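For reference, the structure discussed in these notes is given below.
Heads up: numbering here begins at 1 and tracks the sequence. This one's a predicted model, so the numbers in the text were calculated from it and none came from an experiment.
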Amino acid sequence: AGKTVEVGTGADRFLTDARGVAVNAALQWIDAHHPAGAPRPSLAVFPEGVMLNYLARLDNPTPYFNFMPPEIVLFGEASTLAAFRAHPPDLVLLAHKDTTEYGARWFGRNYATELGSWLQAEYQEIQRFGDPPLQPGSRSGIAVLVRRSAR
């Protein structure tokens with residue numbers, strides 16, 4: 001009953017809760033700024049959100065697509081960071097996710113701190129939909145970040 005927001009179109013369409021509003025806004029922003037037929041950017045979503053890559057039809061330039069505490073432990077932060085340094089995405093989406101259930105609440109502050117510091121140094125926020133992501137008191141939200149060197 002709580003899933004009333006449509007995300008995606010056609011065979012990709014599904015219903016979700018109110019967080020879908022920020023997802024739709026981010027997807028619309030990507031389409032407006034990178035229309036079909038124009039060069040499409042690469043995209044990584046932190047700490048999780050590979051569905052956004054799929055819905056936007058944008059590739060992540062690394063083999064890593066989930067940055068929750070288990071994946072950071074499994075693959076290692078150093079190897080994940082090395083992959084992003086070697087192949088930085090054109091766009092980054094920070095999606096709100098409280099990961100307290102894993103024993104570390106916030107990506108980039110309580111875990112994956114080197115990766116979070118690298119993102120902060122290399123990227124800047126240019127757009128936000130919903131609440132500020134990865135902040136106490138936020139319920140949902142997505143920030144769009146672009147490479148500082150690309151601006």
Side-chain angles (χ1 to χ4, degrees), residues 1-75 77 80 83-84 87-113 115-116 118-120 122-148 150-151:
K3 295 181 178 183
T4 59
V5 178
E6 289 185 18
V7 173
T9 59
D12 294 337
R13 181 187 157 278
F14 61 93
L15 293 174
T16 188
D17 60 20
R19 294 175 292 181
V21 172
V23 169
N24 284 331
L27 292 170
Q28 290 169 357
W29 184 93
I30 290 169
D31 284 344
H33 290 84
H34 304 281
R40 299 289 281 173
S42 55
L43 172 69
V45 185
F46 294 89
E48 70 174 352
V50 70
M51 178 58 82
L52 287 160
N53 287 81
Y54 172 76
L55 292 171
R57 305 300 197 260
L58 297 179
D59 293 329
N60 178 326
T62 77
Y64 304 103
F65 57 86
N66 200 356
F67 311 97
M68 300 288 281
E71 288 78 17
I72 296 298
V73 170
L74 179 65
F75 298 113
E77 183 176 6
T80 303
F84 277 99
H87 303 285
D90 300 311
L91 293 175
V92 166
L93 297 181
L94 287 180
H96 182 71
K97 177 67 175 177
D98 181 338
T99 54
T100 299
E101 65 194 272
Y102 296 102
R105 189 169 188 191
W106 303 117
F107 168 83
R109 282 194 307 232
N110 304 120
Y111 74 97
T113 56
L115 185 54
W118 179 79
L119 286 170
Q120 191 172 28
E122 295 293 319
Y123 292 82
Q124 64 184 10
E125 182 180 319
I126 61 167
Q127 184 70 50
R128 182 184 306 153
F129 306 103
D131 296 333
L134 310 174
Q135 299 293 322
S138 291
R139 294 178 4 158
S140 68
I142 296 175
V144 178
L145 286 69
V146 296
R147 294 192 65 207
R148 292 181 189 278
R151 296 238 31 168

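Using a 4.5 Å cut-off on side-chain heavy atoms (C-beta onward), Val7 and Arg13 make no contact. Proximity of Glu122 to Arg148: side-chain heavy atoms (C-beta onward) are nowhere separated by under 4.5 Å.
Partners of Arg105 under the salt bridge (charged side-chain N to carboxylate O under 4.0 Å, His left out) rule, at least two apart in sequence or in another chain, are Asp98. Thr62 meets the side chain to side chain donor-acceptor pair (under 3.5 Å) test with Asn60; sequence neighbours excluded. Looking at residues two or more places apart in sequence or on another chain, you find a side-chain contact (heavy atoms from CB on, under 4.5 Å) between Glu71 and Asn66, Met68, Phe75. By the side chain to side chain donor-acceptor pair (under 3.5 Å) test, Arg57 pairs with Asp12, sequence neighbours left out.
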Query raised in the report: Could you walk me through whether Phe14 and Leu55 pass the side chain to side chain contact (heavy atoms under 4.5 Å, CB included) check?
Result: CA-CA 11 Å; Phe14 61 93; Leu55 292 171; 4.1 Å; yes
Report task. For Leu93 and Leu145, run side chain to side chain contact (heavy atoms under 4.5 Å, CB included): C-alpha distance rounded to whole Å, both residues' side-chain angles, the deciding distance at 0.1 Å, then the answer. Result -> CA-CA 6 Å; Leu93 297 181; Leu145 286 69; over 6 Å; no
Would you list the atom pairs, donor with acceptor, under 3.5 Å between side chains in residues 43-53 and any protein atom, with sequence neighbours excluded?
{"from": "Asn53", "atom 1": "ND2", "to": "Leu43", "atom 2": "O", "distance (Å)": "2.8"}
{"from": "Asn53", "atom 1": "ND2", "to": "Leu58", "atom 2": "O", "distance (Å)": "3.1"}

Atom pairs and distances, donor-acceptor, side-chain atoms in residues 132-143, under 3.5 Å, two or more places apart:
{"from": "Ser138", "atom 1": "OG", "to": "Pro132", "atom 2": "O", "distance (Å)": "2.5"}

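Atom NE2 of His96 and atom CZ of Phe107 lie 14.0 Å apart (nearest 0.5 Å). Atom OG1 of Thr113 is separated from atom CD of Gln120 by 11.5 Å, given to the nearest 0.5 angstrom. Taken from NZ in Lys97 to OH in Tyr102, the straight-line distance is 6.5 Å, to the nearest 0.5 Å. Expressed to the nearest 0.5 Å, how far CD of Gln124 lies from CG of Leu119 amounts to 13.0 Å.
Applying the side-chain hydrogen bond (donor to acceptor under 3.5 Å, both in side chains) definition to pairs two or more places apart or across chains, those involving residues 33-46 are Trp29-His33, Ser42-Asp90. Screening residues 15-25 for side-chain hydrogen bond (donor to acceptor under 3.5 Å, both in side chains), with sequence neighbours left out, gives Asp17-Arg19.
For the pair Tyr123 (side chain) and Pro89 (backbone), a donor-acceptor distance under 3.5 Å is present.
Counting all heavy atoms, side chain and backbone alike, Ala1 lies closest to Thr4 at O-CG2, 3.5 Å. The heavy-atom pair separating Phe129 from Ala22 by the smallest distance is O-CB, 3.8 Å. Nearest approach of Thr80 to Phe67, heavy atoms of both residues: CG2-CE2, 3.8 Å.
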